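See structure below.
Numbers here are sequence positions counted from 1. Since we're looking at a predicted model, the values are computed, not measured.
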Amino acid sequence: MIFENPCRRAMLRKIATFEKAIFGEDAMPFKDMLKAWKKNKYMFCTLREGEKFIGFADMFVINAYGRNHLLARNGVAPFSVVHYVKPKYMRKSGFVYFEGIGAVGKGDEKKERVAALMYGRASAIEDRFDLPRTAYAVGVTKEGIALIRSYGGKCIRIASSRGKKYPLFRILLTHAWCDKVKARASNRLVSGLVIKRGQK
């Protein structure tokens with residue numbers, strides 16, 4: 001398995017297609033995803049086997065304006081490019097929004113791929129950001145909510161979108177948090193994981 005950060009454009013549409021299958025109308029449209037990718041490719045992470053797409057983990061780096069927008073709109077308002085931070089400002093930027101995570105497969109195979117995504121994302125966070133910092137995540141699926149809670153997410157509000165209600169979580173990202181994520185993920189990883197990093 002190869003965890004790639006930043007994501008290449010060739011994989012971006014696969015992320016969008018897969019995210020749409022998981023989250024439906026709550027998924028980010030591809031045209032918006034492409035605009036975000038052009039501003040900061042490091043926000044999109046791909047998991048693959050060779051050139052076969054098997055998972056993704058998005059982490060939108062948002063500025064104070066984006067954070068205020070997120071909290072003011074109860075946690076489910078769509079972001080636009082004005083809310084994102086360019087790569088050169090990532091290290092000092094204050095906030096991250098975990099937009100989504102998902103893996104192809106079922107049972108133990110899927111669990112292992114999610115573990116690889118969690119390990120890769122924690123490694124990317126340590127590489128790209130100064131810590132500590134605050135992350136936000138909206139739980140859309142039962143599995144997503146359980147995953148967020150298991151990694152220290154604290155529910156701060158119930159958000160509404162298209163007649164549905166979702167919990168909005170806050171997560172404190174520290175070096176200890178990253179170590180915990182990687183240690184837990186390592187216990188699930190049977191296959192090897194290669195982390196490919198782009199230029200900082």
Side-chain angles (χ1 to χ4, degrees), residues 1-62 75-81 83-84 96-125 135-148 150-151 153 159 161-162 164 166-169 171 181 185 188-198:
M1 290 186 289
I2 299 172
F3 180 90
E4 197 167 68
N5 178 259
C7 163
R8 292 171 296 149
R9 181 169 180 155
M11 287 288 174
L12 191 67
R13 186 173 288 278
K14 294 181 180 181
I15 291 178
T17 300
F18 188 59
E19 190 174 329
K20 178 74 173 178
I22 298 174
F23 301 119
E25 293 182 351
D26 291 307
M28 174 177 274
F30 177 70
K31 62 181 179 63
D32 295 338
M33 189 175 287
L34 184 59
K35 290 178 183 177
W37 180 85
K38 288 179 178 178
K39 185 164 186 178
N40 189 341
K41 297 177 177 64
Y42 293 100
M43 298 193 296
F44 299 92
C45 311
T46 307
L47 187 67
R48 58 186 175 86
E49 290 179 344
E51 289 302 308
K52 180 184 176 183
F53 170 88
I54 58 172
F56 78 99
D58 298 342
M59 49 178 189
F60 292 170
V61 191
I62 56 177
V76 290
F79 292 112
S80 69
V81 291
H83 300 120
Y84 305 133
V96 179
Y97 178 73
F98 290 155
E99 200 274 338
I101 186 170
V104 174
K106 295 180 180 179
D108 290 340
E109 179 184 59
K110 183 176 181 179
K111 289 178 181 177
E112 183 184 7
R113 290 171 175 176
V114 170
L117 287 162
M118 293 297 293
Y119 190 105
R121 188 163 66 177
S123 295
I125 286 169
Y136 297 93
V138 173
V140 176
T141 66
K142 290 181 180 179
E143 294 84 358
I145 292 170
L147 189 66
I148 295 167
S150 72
Y151 284 100
S161 175
R162 299 182 179 89
K164 300 178 183 178
Y166 303 114
L168 171 65
F169 294 91
I171 308 165
V181 170
R188 282 198 181 273
L189 287 173
V190 177
S191 305
L193 175 65
V194 175
I195 298 177
K196 295 194 73 174
R197 298 176 172 90

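Ile148 places a side-chain heavy atom less than 4.5 Å from the side chain of Ile171. Residues Tyr84 and Asn40 fail the side-chain proximity criterion, which asks for heavy atoms closer than 4.5 Å. Here the side chains of Thr17 and Phe30 are not in contact, with every heavy-atom distance at 4.5 Å or above. For the pair Tyr119 and Ile195, the minimum side-chain heavy-atom distance is below 4.5 Å. Taking the side chain as every heavy atom from C-beta outward, Phe56 and Arg48 never approach each other to under 4.5 Å. Looking at heavy atoms from C-beta onward, Met1 lies in side-chain contact with Glu112 at the 4.5 angstrom threshold. Side chains of Tyr97 and His83 form no contact here, defined as non-hydrogen atoms less than 4.5 Å apart. Side-chain contact check for Pro167 versus Val138: every heavy-atom pair is 4.5 Å or farther apart.
Between the Glu4 side chain and the Leu47 main chain, no donor and acceptor come within less than 3.5 Å of each other. A donor-acceptor pair under 3.5 Å links the side-chain atoms of Trp37 to the main chain of Cys7, judged by distance alone.
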**Message:** Pair Val140, Lys164 - check side-chain contact (heavy atoms from CB on, under 4.5 Å), show working.
**Reply:** CA-CA 10 Å; Val140 176; Lys164 300 178 183 178; over 6 Å; no
**Request:** Quick one: do Val96 and Ile62 satisfy side-chain contact (heavy atoms from CB on, under 4.5 Å)? Show the steps, please.
**Result:** CA-CA 6 Å; Val96 179; Ile62 56 177; over 6 Å; no
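A distance below 6.0 Å separates the ring centres of Phe44 and Phe60.
Considering every non-hydrogen atom in both Val114 and Ala103, the closest pair reads CG2-CB, 3.9 Å. When all heavy atoms of Leu117 and Gly55 are compared, the pair lying nearest together is CD2-C, 4.1 Å. Closest non-hydrogen pair, Gly144 versus Thr141, comes out as N-OG1, 2.9 Å. Nearest heavy-atom pair across Asn5 and Cys45 is ND2-SG, 3.3 Å.
Between Arg8 and Glu51, at least one side-chain nitrogen of the basic residue sits less than 4.0 Å from a carboxylate oxygen of the acidic one, meeting the salt-bridge criterion. Checked for salt-bridge contact, Glu49 and Arg113 meet the test: a charged N lies under 4.0 Å from a carboxylate O.
Rounding to the nearest 0.5 angstrom, the gap separating the CE atom in Met118 from the OG atom in Ser123 is 11.0 Å. From Phe3, atom CZ reaches atom CD1 of Ile54 across 11.5 Å, with rounding to the nearest 0.5 Å. Residue Asp58 holds its CG atom at 5.5 Å from CD1 of Ile15, rounded to the nearest 0.5 Å. For the atom pair CE (Met59) and CE (Met43), the distance works out to 9.5 Å, reported to the nearest 0.5 Å. Here NZ of Lys110 is found 6.0 Å from CD of Glu143. Values are rounded to the nearest 0.5 Å. Residue Ile22 holds its CD1 atom at 7.5 Å from CD of Glu19, rounded to the nearest 0.5 Å.
Annotation for Lys41: atom NZ counts as buried by contact number, over 12 foreign heavy atoms lying within 6.0 Å.
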